[in-house]
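Okay, so here's the structure we're looking at.
As the structure is a prediction and not an experimental result, all values here were calculated from the model.
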Amino acid sequence: MLVVQPPATAIPVVPSAREQRRVFDIQVIRPYFGAVMVRIRGALDADSALQLRSAVSTWAHRRFPVLVLDLSEVDFLDAAGLAVLGGIHARTVKENTALRIITGDNRVVRRALADSGLDHALNVSRLPSGWERATEFSGQS
């Protein structure tokens, strides 16, 4: 017996992970209580790591005692992004600046930091994004 099935009219195409990511955006929030906050949205990867390094370098020469990186809206973090975070950490140690990383409930960032071991070196907190508490936490995750 020969069974003929009608041809499929459409094959669902799932967008790739790269297409689902938001556009990369860096927002530097003016100094507040001796700190400067850099809020990052989108994918922190090889394409955007240089932009982050440049933004931090622009503010680093002003010698703020606290640099807060808000990664709560980062939807992708690869080795290049982790490398730039490590470089920022090294620079802040060298310049006696406190680096605070805010992740919120972002599992992507927390998992990438944990898998790389950077979560132990960096001052990572689950605090929600925003200035209100960013300069107050003591480094407990």
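What you find for Ala49 and Leu44 is that their closest heavy atoms are CA-CD1, 4.2 Å. Ser72 and Gly104 get closest at one heavy-atom pair: CB-N, 4.0 Å. The minimum heavy-atom distance linking Ala80 with Asp45 is given by the pair CB-C, 3.9 Å.
Side-chain polar atoms of Arg91 and Thr97 form no donor-acceptor pair below 3.5 angstrom. Residues Asn106 and Thr103 bring no donor and acceptor atom of their side chains to less than 3.5 Å of each other.
By the rule that hydrophobic residues join a cluster once side-chain heavy atoms approach within less than 4.5 Å of another member, Val28 and Val74 end up as members of one cluster.
If you take OG on Ser54 and CG on Leu52, they are separated by 9.0 Å, rounding to the nearest 0.5 Å. Going from atom CG of Leu50 over to atom OG of Ser57 covers 10.5 Å, rounded to the nearest 0.5 Å. If you take NE2 on His120 and CG on Leu122, they are separated by 11.0 Å, rounding to the nearest 0.5 Å.
Contact check for Val68 versus Ile102: side-chain heavy atoms found under the 4.5 Å cut-off. Considering only heavy atoms from C-beta on, Ile40 comes within 4.5 Å of Phe24 through its side chain. Looking at heavy atoms from C-beta onward, Ile26 lies in side-chain contact with Gln51 at the 4.5 angstrom threshold. Contact annotation: the side chain of Leu99 never approaches that of Val93 to less than 4.5 Å [non-hydrogen atoms, C-beta and beyond].
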Show your reasoning for whether side chain to side chain contact (heavy atoms under 4.5 Å, CB included) applies to Leu113 and Val109. CA-CA 6 Å; Leu113 291 173; Val109 172; 3.8 Å; yes
For side chain to side chain contact (heavy atoms under 4.5 Å, CB included), just list the numbers for Arg41 and Gln27, CA-CA rounded to whole Å, side-chain angles, deciding distance to a tenth of an Å, and then say yes or no. CA-CA 8 Å; Arg41 293 183 180 107; Gln27 179 184 15; 3.5 Å; yes
Does Leu85 form a side chain to side chain contact (heavy atoms under 4.5 Å, CB included) with Leu69? I'd like the steps, not just the answer. CA-CA 9 Å; Leu85 292 176; Leu69 294 181; 3.7 Å; yes
As a quick check of understanding, evaluate side chain to side chain contact (heavy atoms under 4.5 Å, CB included) for Leu71 and Arg39, giving each step before the final call. CA-CA 7 Å; Leu71 305 179; Arg39 183 172 291 147; over 6 Å; no
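A donor-acceptor contact shorter than 3.5 Å links the side chain of Ser48 to the backbone of Ala43. Panel note: side chain Asp70, backbone Val38; no donor-acceptor pair is recorded below 3.5 Å. Looking only at distances, a side-chain donor or acceptor of Thr92 sits under 3.5 Å from a matching main-chain atom of Ile88.
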